Structures are given as structure tokens and as C-alpha cells.
Amino acid sequence: MSVPPPPVPPFGPQWTNQAHVRRLPPWLLVVAGVAVLALAVTFLVVKLSSQPLSAEVGDCLDVHVVNPNPAPADQAEQADCGAAEANVKVAVKYPDADRDCPARGYEFIYIGNPKNKLCLVINARQGDCFAGLSSGSEPYRRVPCTDAKAERQFVKIVEGEANEELCEEIDGATAVTFPQPPITFCLVKPKTI
């Protein structure tokens, strides 16, 4: 008589009524919670660092709204001054939000806590054309001079001097000056093709 082979156990782990489920130790749950919190804080810091919270004099911003003035700080981002979207430059930074900009014509925003006041001038280069200069509700935007939306062309820019007489030699030019830092913009209506 032959002896039947022993039964083959099923594939995989064998569970019995006496199997124990391992629970995570409480300290591991605390460590996991702290790690998640640290990631959230890191994300928030990185997100906020894209705002102009550390903008200094000479830095450029992309301000998305101009109305209401001042634009909310969350509607502005730091931008490379050579970038097309860099529409304003920080001219003056006051640690006191109640200070007035050095003259009329500056745009401004408040940033930080306590609030700093940034007085802004347009970030134009000689030859640039801009739209949104007179709308009161649209931000300044660099556009091709042949664009129907182009309002003014910056035909002469003199840094270091705020003097309207610098534009007198240009036919049809309007002078816009800012005292701090001193700068003169000579603007004309662009000729569209």
C-alpha cells in the first residue's frame, strides 16, 4: 500500500486565528505628524518667497493689478528686470507704511509685517512701448510699438537726472520725471504701421 503524499500547503502566508497584527508605536505616529507639518511649512515658505516680500530698491516686479492703488502685495511677483513681464521697479522702500512717496506719479504697494511701503516707477528701456499707462485699471504691459494697444513709446531715458527740459528737443514728447532715484522719461505716441 502506498502512502499518499502529505498535503501541499497553499501559496502565501498561513493565517491562523492566533496571528497578531503589529501596531505602529505611538512615537512613530508623532514623528510622521511632525514630518508632514515640516513639509507644509517648507511649502509655505517657498510659496511666499515668490512674493515681493524681500524686494529692495532696484528690484523689479510684475504687478498684476493697479486698481485699487496700492496694489495688493499678493498681486505682485519679483521678476528679472530684463524680463518682458517686469513692469515696475522699486524706486524707494520705506519701513513706515504711512510715509508718502517722494512725489506724485509713483505707484506703490505694501509688503511684509510690519508693513513696508514700496514706491514704484515703470521699468522701461529706451525704445519700449507700453499699454495700460492711462487705463487706471490695467497693469502696465510692454507691447510691440505696432500694436494698436501701445499708448506711449519711451524714446529717451536719462537716469541720474530729473529734468523735463531733457525732452524739449524731441517733437511731441512728454516728460515724466521722478526725483528718487532721479530719472527722466521722454514719451511719444508710437507710430503704428
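These numbers come from the heavy atoms of this one structure, side chains and all, not from hydrogens, waters or symmetry mates. As the structure is a computational prediction, the values presented were derived from the model and not from experiment.
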### Query
Linking Ile, Leu, Val, Met, Phe, Trp and Tyr through side-chain heavy atoms less than 4.5 Å apart, which residues share a cluster with V143?
none
### Query
Hey, does the side chain of R152 reach the backbone of L187 with a donor-acceptor pair shorter than 3.5 angstrom?
no
### Query
What residues, two or more places apart in sequence or in another chain, satisfy side-chain hydrogen bond (donor to acceptor under 3.5 Å, both in side chains) together with Q153?
none
### Summary
Sorted by chain and residue number, the side-chain contact (heavy atoms from CB on, under 4.5 Å) partners of P102 (sequence neighbours excluded) come out as V92, Y94, Y106, C119, P179, Q180
## Note on the structure
Between A91 and V57, the two heavy atoms sitting closest are O-CG1, 3.5 Å
### Message
Given 3.5 Å as the limit, does a donor-acceptor pair link the side chain of N123 with the main chain of A86, or not?
### Response
yes
#### Entry: Any K189 side-chain heavy atom under 4.5 Å of E151 side chain
no
What donor-acceptor contacts under 3.5 angstrom involve side-chain atoms of residues 154-163, with partners at least two apart or in another chain?
| residue | atom | partner | partner atom | Å |
| --- | --- | --- | --- | --- |
| K156 | NZ | L166 | O | 3.0 |
| K156 | NZ | E169 | OE2 | 3.3 |
| N163 | OD1 | E165 | N | 2.9 |

### Task
Would you sort out whether T177 and I183 count as a side-chain contact (heavy atoms from CB on, under 4.5 Å), showing the intermediate values?
CA-CA 6 Å; T177 63; I183 192 166; over 6 Å; no
### Query
What are the two closest non-hydrogen atoms of C145 and P190, and how far apart are they?
O-CB, 3.8 Å
#### Entry: Test log, rule side-chain contact (heavy atoms from CB on, under 4.5 Å), inputs V188 and T174
CA-CA 6 Å; V188 296; T174 301; over 6 Å; no
### Query
Who pairs with A97 by side-chain contact (heavy atoms from CB on, under 4.5 Å), at least two apart in sequence or on another chain?
Y110, K115
#### Entry: Beyond-backbone contact of F108 with L118, side-chain heavy atoms, under 4.5 angstrom
no
### Message
Let me confirm one number: the CD-SG distance from E77 to C60, rounded to the nearest 0.5 Å.
### Response
14.0 Å
### Query
Hey, are the side chains of L120 and L61 touching, using non-hydrogen atoms and a 4.5 Å cut-off?
yes
### Query
What residues, two or more places apart in sequence or in another chain, satisfy side-chain contact (heavy atoms from CB on, under 4.5 Å) together with D98?
D96
### Task
Could you tell me which residues satisfy side-chain contact (heavy atoms from CB on, under 4.5 Å) with R104, sequence neighbours excluded, listed by chain and number?
none
### Task
For the pair K117 (side chain) and P95 (backbone), establish whether a donor and an acceptor sit closer than 3.5 Å, ignoring hydrogens and angles.
no
### Message
For E56, is there any backbone N or O sitting under 3.5 Å from a side-chain donor or acceptor partner on D59?
### Response
yes
### Task
Can you run down the salt bridge (charged side-chain N to carboxylate O under 4.0 Å, His left out) pairs that involve residues 80-92, sequence neighbours left out, and say none if there aren't any?
none
### Query
Between F130 and I122, is a side-chain contact (heavy atoms from CB on, under 4.5 Å) present by the stated rule, with each step listed?
CA-CA 10 Å; F130 276 82; I122 194 164; 3.7 Å; yes
### Message
I'd like to check the salt bridge (Lys or Arg N to Asp or Glu O under 4.0 Å) partners of D62; sequence neighbours left out, ordered by chain and number.
### Response
R141
### Task
Check N87 against P139 and note the closest heavy-atom contact, atom names and distance.
ND2-CB, 4.0 Å
